[in-house]
Amino acid sequence: MKVIAVEEAFSVPELIPWPGEAWMPPGWGEEWGRRLADLTELRLADMDEHGVDMQVLSLTSPGVEAIENPSEAVTTARRVNDHLADVVAAHPTRFAGFATLPFQDLKAAVAELRRAVEQLGLKGVLHNDHVHGHYLDEPQFRPVWAELERLGVTLYLHPALFPADQWRVFQGHPVLSGPSWGWTAQVGAHALRLIYGGVFDEFPGASVTLGHMGELLPFQLARLDSRYHQADPKSRPRHLPSHYLRHNLYATTSGVFSHAALLGAVQAIGADRLLFAVDYPYESTAEAVEFLRTAPFSRADLKRIAHRNAAHLLNL
């Protein structure tokens, strides 16, 4: 069975330094840093060993979003995308890529999106949550959504390494503020802002992809829909939140290798909205592939999740 993994990180240390040990358990940062910067030897060997046919590569957080100077962000984004396109061109059957955009300069971001897709052949955008505390439902970002819809490519909404603000509930327990819970809550809330901010009503052909089993939003559909009618009728979206999760949003399995969770997500939003991902190198490729191959689904549904949905969404 062909396997395409769609949230697979890389770094360009000479452009954006890897924070390494500063934010992770001792000993992990060095190995992850080595694997992030490698785009051939270690990565292809890992893919071959575990049966991953293709990775869709994306720049790891903190990414271009963390750069304060707009002109520097524009230059860095172009260089990262050029580097990624070169890697894909050298291994076109093994890699595809998501562009990074300099949202600090919106005119340049639209131009870079167009260049990345039409000239470099990249398959969409991966964005790390906020832009210095600003979220993508805000009116100034509408030109980017218009271009995403015109080009027919997805925006993969990913957690930011550095949150927009510090939540008091996490104080004293820093493990809660990262991938175990904080990132899911923050990115899930950002996706709901897109729904309630009218992005998909204005751009019904736009799509967003969420990692980590849809940042758990599929499991909240009943709760979200039950509170929809409490929103101001003058400003709430045209449809229930579940409509957008089933029509504009996709979810990936990255970092959530649970058959119970996958069954629940498929029941909530449908097998055609789920894509396989590892979250390399932060998660184990061996564990991710074993989880996929042993999932209690029909062969047809497994193929959808393993590769067909990705091929359709990303035009692979």
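Here the structure is a predicted model, which means the values were calculated and not measured.
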key: Flag, side chain of Asn81 to backbone of Ala77, donor-acceptor distance under 3.5 Å   = yes

request  = Could you tell me which non-hydrogen atom of Pro62 sits nearest to which non-hydrogen atom of Phe162, and how far apart they are?
outcome  = CB-CE1, 3.8 Å

task = Give a yes or no answer on whether the side chain of Thr184 reaches the backbone of Ser180 with a donor-acceptor pair at less than 3.5 Å.
result = no

query = Can you find a pair of side-chain heavy atoms, one from Leu106 and one from Val110, that are under 4.5 Å apart?
reply = no

query = When the ring planes of Phe141 and Phe103 are compared, do they come out parallel, tilted or perpendicular, using 30° and 60° as the limits?
reply = perpendicular

request  = Check for a donor-acceptor pair, side chain of Tyr228 on one end and backbone N or O of Pro237 on the other, with a separation under 3.5 Å.
outcome  = yes

message = Whether the side chain of Ser58 engages the backbone of Glu7 through a donor-acceptor N/O pair (distance < 3.5 Å, no angle test) should be reported.
response = no

inquiry  = Test of understanding: with ring-ring contact (aromatic ring centres under 6.0 Å, His included), list the residues that count as partners of Trp181, not counting sequence neighbours.
reply    = none

request  = Look at the side chain of Arg304 and the backbone N and O of Asp272, then say whether any donor-acceptor pair between them is shorter than 3.5 Å.
outcome  = no

note = The salt bridge (charged side-chain N to carboxylate O under 4.0 Å, His left out) partners of Arg79 (sequence neighbours excluded) come to none

key: Which residues share a ring-ring contact (aromatic ring centres under 6.0 Å, His included) with His158, sequence neighbours left out   = none

query = Quick one: are the ring centres of Phe276 and His307 less than 6.0 Å apart?
reply = no

ask   = Would you say the side-chain atoms of Glu65 pair up with the backbone N or O of Asn128, donor to acceptor, closer than 3.5 Å?
value = yes

ask   = Sequence neighbours excluded, which residues qualify as side-chain hydrogen bond (donor to acceptor under 3.5 Å, both in side chains) partners of His312?
value = none

inquiry  = For the backbone of Ala277 and the side chain of Thr253, can you confirm whether one donor and one acceptor N or O come within less than 3.5 Å of each other?
reply    = yes

request  = With sequence neighbours excluded, tell me which residues meet ring-ring contact (aromatic ring centres under 6.0 Å, His included) with His247.
outcome  = His243

query = In the hydrophobic clustering that connects Ile, Leu, Val, Met, Phe, Trp and Tyr at side-chain heavy-atom distances below 4.5 Å, which members other than Tyr156 occupy its cluster, ordered by chain and number?
reply = Ile4, Val6, Met54, Val56, Phe98, Leu126, Tyr250, Leu275, Leu313, Leu314, Leu316

ask   = Ignoring hydrogens and geometry, is there a side-chain-to-backbone donor-acceptor pair from Glu49 to Asp46 under 3.5 Å?
value = no

ask   = Does Arg35 pair with Glu31 as a salt bridge, N-O distance under 4.0 Å?
value = yes

query = Does Phe10 reach the side chain of Tyr280, with side-chain heavy atoms less than 4.5 Å apart?
reply = no

inquiry  = Looking at Arg115 and Asp82, is there a salt bridge between them, counting it only when a charged N and a carboxylate O are closer than 4.0 Å?
reply    = yes

ask   = Would a distance-only check, ignoring hydrogens and angles, find a side-chain to backbone donor-acceptor pair under 3.5 Å from Asp137 to Ile195?
value = no

ask   = Hey, mind stepping through His190 and Leu194 against side-chain contact (heavy atoms from CB on, under 4.5 Å) and telling me if it holds?
value = CA-CA 6 Å; His190 191 165; Leu194 300 178; 4.2 Å; yes

query = Checking Glu149 side chain against Gly205 main chain: does a donor-acceptor pair fall under 3.5 Å?
reply = yes

message = If the threshold is 4.0 Å, N to carboxylate O, is there a salt bridge linking Arg150 and Glu118?
response = yes

inquiry  = Tell me whether the rings of Phe291 and Phe257 are parallel (<30°), tilted (30 to 60°) or perpendicular (>60°).
reply    = tilted

